[in-house]
Structures are given as C-alpha cells and as structure tokens.
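Working notes for the structure below.
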Amino acid sequence: STELRIQLVIQMWQWMVISFLYYGFNFGWGKLGSNVYISYVFAGIGELSAMLLSVLLQEYIGRKKTLLVCILTGSGAFLLALIPLSFGSQSVLTMEQLMCLIGSTFITGAFSTIYLYVTEVSPTSHRGKMLSVCSISARVGSFCGPQANLLFSWNKSVTLIIFSALAFSAGIVTLRLPETRGLPSPNTAAEVQERRKISKIRIRCREQACS
C-alpha cells in the first residue's frame, strides 16, 4: 500500500541517519576531548544512561514521542556544542564536550527505540522484510559514520552543523509515523492503510471541535 511505502522510506532514512551519528561519534570521541580515555568513559556512561532512559520513555510517553524527543534533543545539543564555553579553572570540561555527550546519549536512545518501533509499525505480513531493509540502510550509515568523524579534524563547527541538520531531518519526519504504544500490531498492508485513514478522520474531528 501507499502508506506502507511511505512509512518504509521514512524509517529507512531514520535508521541510516541514526546509525551514521551513532558510529560517527563512537569513533570520534578522541577528537573531541584532550584525554581520549576520559572521553570514552563519559561516552560509556552516557550510553548506559540512554538505554535506561529510552525504556522508561517508551513506556510512559510512547514510542513515537520517545523517538522524536531523542532525535530532536540530539540535534539541538549538537548546535549548542558550537558555543565556545569552558567549565572549571583548568577547563576540564567544555560546552562542546558536554553537548556532544548529551547529543550522543540521546542518539543512542533513539537507536534503541527504532528497533522496537519498526517491528510495531510494520504489519505481520511485511515485518521481516521491512526490518531487513531498514537494517541495510543502517549499515550504510554505520559505514559512512566513522569516515565522517574525520571531518572533526577539518572543521568541528561545520561537522556539528551537518550532524545537527541530519538529526533534525530524521526527527521531523517522525511526525508522519503513527503511535504504537498499547496498540496491536497490524497484520496486513491494507490494515496499515486503514489505520491511516482513521487517523486522518480523528485529526479533522479535532480541528472542527477546536474551531
């Protein structure tokens, strides 16, 4: 169905961008701090925190909102990393390091969320195929990400702007996807199309009620 194809394209883009950012930062922490070991220790703490946070958010606010919050927060954090600010008398922590850590943490949360989200959005008849295609898209991103972190050696500001723009694009398209928390998974492509029609009707009813 048309709706299923649209959802697949959106999720392919999200998987590729999130994987790109995730591996881009995992291979680039040494370029963001003066001490590579401390940088990776903080990155590990952030990753564990992201896993716990994403699980809690998925249950309380839903899969769609969790994905949206994680990606857009990451995008905003990458922009805030451009602010030239240091903390501590020895400049032990810079705004760049702090915001990149926060951004990377939320991107990790998005990574853990999309695995659950795609299986719930996809109908039973197409779930394996959609998960496979999205996984292929993620592999493209994971291949390009480590290469892209080389841009940090060229110009950190431009690299962070590119990362932020990519994250924003992957986050904003989430608005087009349905919420799946507490709902049974669709069984066929036709059911996906029907749910989209019902969603449009509900939106129109709300608009008429507000007006």
Side-chain angles (χ1 to χ4, degrees), residues 1-23 25 46-78 102-142 163-164 166-203 205-206:
S1 67
T2 302
E3 178 62 22
L4 189 60
R5 286 193 289 269
I6 292 173
Q7 291 184 10
L8 177 59
V9 171
I10 290 174
Q11 290 179 97
M12 286 174 63
W13 175 247
Q14 289 179 324
W15 279 60
M16 183 165 59
V17 170
I18 292 172
S19 182
F20 173 89
L21 296 172
Y22 178 80
Y23 286 102
F25 272 101
E47 187 155 336
L48 289 174
S49 302
M51 295 298 181
L52 296 174
L53 178 63
S54 64
V55 170
L56 293 174
L57 289 177
Q58 288 166 21
E59 290 301 318
Y60 286 101
I61 67 174
R63 283 63 157 147
K64 178 179 178 178
K65 290 181 180 178
T66 297
L67 190 58
L68 187 64
V69 167
C70 285
I71 299 178
L72 294 184
T73 301
S75 175
F78 297 148
I102 292 174
S104 177
T105 297
F106 277 93
I107 290 300
T108 301
F111 209 158
S112 66
T113 302
I114 56 175
Y115 274 94
L116 173 64
Y117 196 33
V118 70
T119 58
E120 293 185 343
V121 169
S122 307
T124 304
S125 58
H126 294 71
R127 187 167 298 127
K129 295 177 182 177
M130 291 184 70
L131 185 59
S132 297
V133 172
C134 288
S135 183
I136 292 172
S137 300
R139 298 292 74 76
V140 175
S142 64
F163 280 19
S164 178
L166 287 172
F168 182 80
S169 68
I172 204 68
V173 294
T174 306
L175 296 172
R176 181 61 177 72
L177 298 174
E179 178 56 71
T180 60
R181 184 185 62 158
L183 297 176
S185 298
N187 292 316
T188 63
E191 191 173 339
V192 172
Q193 191 72 38
E194 186 64 26
R195 288 189 180 187
R196 177 61 182 172
K197 291 180 182 178
I198 295 173
S199 177
K200 287 182 178 179
I201 293 173
R202 287 176 178 171
I203 292 174
C205 291
R206 289 173 187 169

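Because the structure is a prediction, the values reported are computed rather than measured.
- Proximity of a side-chain donor or acceptor of Arg176 to a complementary backbone N or O of Gln7 within less than 3.5 Å is not detected.
- Residues Leu72 and Ile172 share a closest heavy-atom pair of CD2-N, 4.3 Å.
- Remark: side-chain polar atoms of Thr113 are not paired, donor with acceptor, to backbone N or O of Leu67 under 3.5 angstrom.
- The nearest pair of heavy atoms linking Phe106 to Gly74 is CB-N, 4.2 Å.
- With sequence neighbours left out, Thr180 forms a side chain to side chain contact (heavy atoms under 4.5 Å, CB included) with Arg63, Tyr117, Glu120, Val121.
- Considering every non-hydrogen atom in both Ser104 and Phe78, the closest pair reads N-CE2, 4.0 Å.
- Note that CD of Glu179 is 8.5 Å distant from CD1 of Ile61, once rounded to the nearest 0.5 Å.
- In this structure, Ser75 contributes its side chain and Ile71 its backbone to no donor-acceptor pair below 3.5 Å.
- Heavy-atom minimum distance, Lys64 versus Leu177: NZ-O, 2.8 Å.
- Ser135 contributes no side-chain N or O that, together with a main-chain N or O of Leu131, makes up a donor-acceptor pair within less than 3.5 Å.
- A donor-acceptor contact under 3.5 angstrom links the side chains of Ser54 and Ser112, judged on distance only.
- Checking side-chain atoms of Ser19 against main-chain N and O of Gly141 turns up no donor-acceptor pair under 3.5 Å.
- The side-chain contact (heavy atoms from CB on, under 4.5 Å) test with Glu191 is passed by exactly one of Pro186, Pro123, Ser185: Pro186.
- Across every non-hydrogen atom of Leu68 and Thr174, the tightest pair is CD1-CB, 4.1 Å.
- By the side-chain hydrogen bond (donor to acceptor under 3.5 Å, both in side chains) test, Ser169 is found to be paired with Trp13, residues two or more places apart in sequence or in another chain being considered.
- Judged by distance alone, with hydrogens and angles left aside, the side-chain atoms of Ser142 form a donor-acceptor pair with the main-chain N or O of Arg139 at under 3.5 Å.
- Side-chain atoms of Ser122 do not come within 3.5 Å of backbone N or O of Thr119 as any donor-acceptor pair.
- The line from OH of Tyr22 to CD of Glu47 is 3.5 Å long, rounded to the nearest 0.5 Å.
- Here the straight-line distance linking atom CD1 of Ile114 with atom CZ of Phe111 works out to 5.5 Å at 0.5 Å rounding.
- Atoms CE and CG, from Met16 and Leu21 in turn, are 11.0 Å apart once rounded to the nearest 0.5 Å.
- Shortest non-hydrogen contact noted between Thr2 and Gln193 is N-OE1, 3.6 Å.
- Note that CG of Leu57 and SG of Cys70 are 6.0 Å apart. Values are rounded to the nearest 0.5 Å.
- Partners of Gln11 by side-chain hydrogen bond (donor to acceptor under 3.5 Å, both in side chains), not counting sequence neighbours: none found.
- Between the CZ atom of Arg5 and the CD1 atom of Ile10 there is a distance of 13.5 Å, given to the nearest 0.5 Å.
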